[in-house]
Amino acid sequence: MRQESPLVAVIDGQGGGMGRGLVEAIKKKWPQLHVRALGTNSLATAAMLRAGADDGATGENAVVFNAHRADVLLGPIGVLTPNGLLGEVSPAMAEAVGGSEAVKILLPSQRCSIRLAVGEPQSLQFYLDQAVRLLGEELKNQGVL
């Protein structure tokens, strides 16, 4: 991880609600972090940019290109699944995210048909809070904070 200015990438699709929540929470806690919005569609990218992302890009090539440049990737767990997020995640996107050396902080989603054996489902806000906490731990581990 680059210690001077880590690149935090938030990936989302559909309406971008989870990504928007992540960007808002990250920028509120660490306004100095560079947050890049990576949307599987323009609606998701726009939602994350309105939430305060520093820059953004849309589509398969944007996700593939940026997944390997990010220090930390955040988003719904469906970004690891080919055809995830109702088909918005291409196999190339899923491979790029899964193959990235970035630390991945992924949130469960009932829409992804993936069930995690971690207990009862929680609210989106609970998962957003947990993701921000994990990001803080990772930034401390890397000596950024």
Side-chain angles (χ1 to χ4, degrees), residues 1-2 5-31 33-142 144:
M1 184 178 280
R2 295 182 305 258
S5 179
L7 175 59
V8 176
V10 178
I11 304 173
D12 201 6
Q14 299 177 332
M18 186 179 287
R20 181 188 69 237
L22 284 167
V23 170
E24 286 173 351
I26 293 166
K27 292 304 270 184
K28 181 178 180 181
K29 187 158 181 127
W30 302 289
L33 283 181
H34 186 96
V35 177
R36 178 164 295 155
L38 300 176
T40 61
N41 63 63
S42 59
L43 188 63
T45 304
M48 292 185 282
L49 287 168
R50 283 191 307 274
D54 295 291
D55 55 31
T58 303
E60 179 180 77
N61 194 63
V63 172
V64 170
F65 179 82
N66 285 287
H68 297 286
R69 286 160 178 74
D71 296 297
V72 181
L73 291 166
L74 295 98
I77 196 164
V79 300
L80 285 177
T81 306
N83 304 309
L85 305 183
L86 298 178
E88 290 188 22
V89 178
S90 71
M93 289 174 170
E95 182 178 0
V97 172
S100 172
E101 291 186 18
V103 171
K104 295 159 208 62
I105 300 174
L106 304 172
L107 288 73
S109 172
Q110 300 303 314
R111 294 184 182 184
C112 296
S113 298
I114 299 171
R115 299 295 178 260
L116 303 174
V118 295
E120 293 297 317
Q122 301 290 330
S123 68
L124 176 57
Q125 187 60 53
F126 174 85
Y127 294 131
L128 293 173
D129 293 342
Q130 289 294 93
V132 171
R133 182 185 62 76
L134 290 171
L135 176 58
E137 288 177 10
E138 184 57 34
L139 294 171
K140 284 180 186 173
N141 289 342
Q142 298 297 322
V144 176

Does any part of the side chain of [Y], heavy atoms only, come nearer than 4.5 Å to the side chain of [X], both counted from C-beta?
X	Y	value
E138	N141	yes
L22	L128	yes
V72	P6	no
E88	Q14	yes
W30	L135	yes

Item to complete: Walk me through it: do D129 and Q125 pass the test side chain to side chain donor-acceptor pair (under 3.5 Å)?
Response: CA-CA 6 Å; D129 293 342; Q125 187 60 53; 2.8 Å; yes

Item to complete: Check each of D54, L7, V8 against L33 using the side-chain contact (heavy atoms from CB on, under 4.5 Å) test, and report the only one that passes.
Response: V8

Worksheet entry | Salt-bridge present (E137, R133; N to O < 4.0 Å) |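 Yes, charged N to carboxylate O under 4.0 Å.
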
Supply the atom-to-atom distance [X] [atom1] to [Y] [atom2], rounded to the nearest 0.5 angstrom.
X	Y	atom1	atom2	value
T58	N41	OG1	CG	7.5 Å
L107	I77	CG	CD1	9.0 Å
E60	T40	CD	OG1	11.0 Å
I11	M18	CD1	CE	12.5 Å

Practice prompt. Using a cut-off of 6.0 Å, state whether more than 12 heavy atoms not belonging to Q130 lie near its atom CD.
Written response: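 Yes, because the 6.0 Å sphere around CD of Q130 holds more than 12 heavy atoms from other groups.
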
Which heavy-atom pair separates [X] from [Y] by the least distance, and what is that distance?
X	Y	answer
A57	N66	CB-ND2, 4.4 Å
P82	A94	N-CB, 3.6 Å
V63	V97	CG1-CG2, 4.0 Å
M48	G16	CG-O, 4.5 Å
P76	L106	O-CD2, 4.0 Å
A9	L38	CB-CD1, 3.9 Å

Item to complete: Check step by step if side-chain contact (heavy atoms from CB on, under 4.5 Å) holds for I26 and L74.
Response: CA-CA 11 Å; I26 293 166; L74 295 98; 4.2 Å; yes

Worksheet item: Okay, side chain of D12, backbone of A44: is any donor-acceptor separation there less than 3.5 Å?
Response: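 Not confirmed, D12 side chain does not pair with A44 backbone.
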
Practice prompt. Check for a donor-acceptor pair, side chain of T45 on one end and backbone N or O of G56 on the other, with a separation under 3.5 Å.
Written response: no

Compile the donor-acceptor pairs under 3.5 Å between side chains in residues 115-124 and protein atoms, sequence neighbours left out, one pair per line.
unit_1 : atom_1 : unit_2 : atom_2 : d
Q122   : NE2    : E120   : O      : 3.4
S123   : OG     : F126   : N      : 3.2

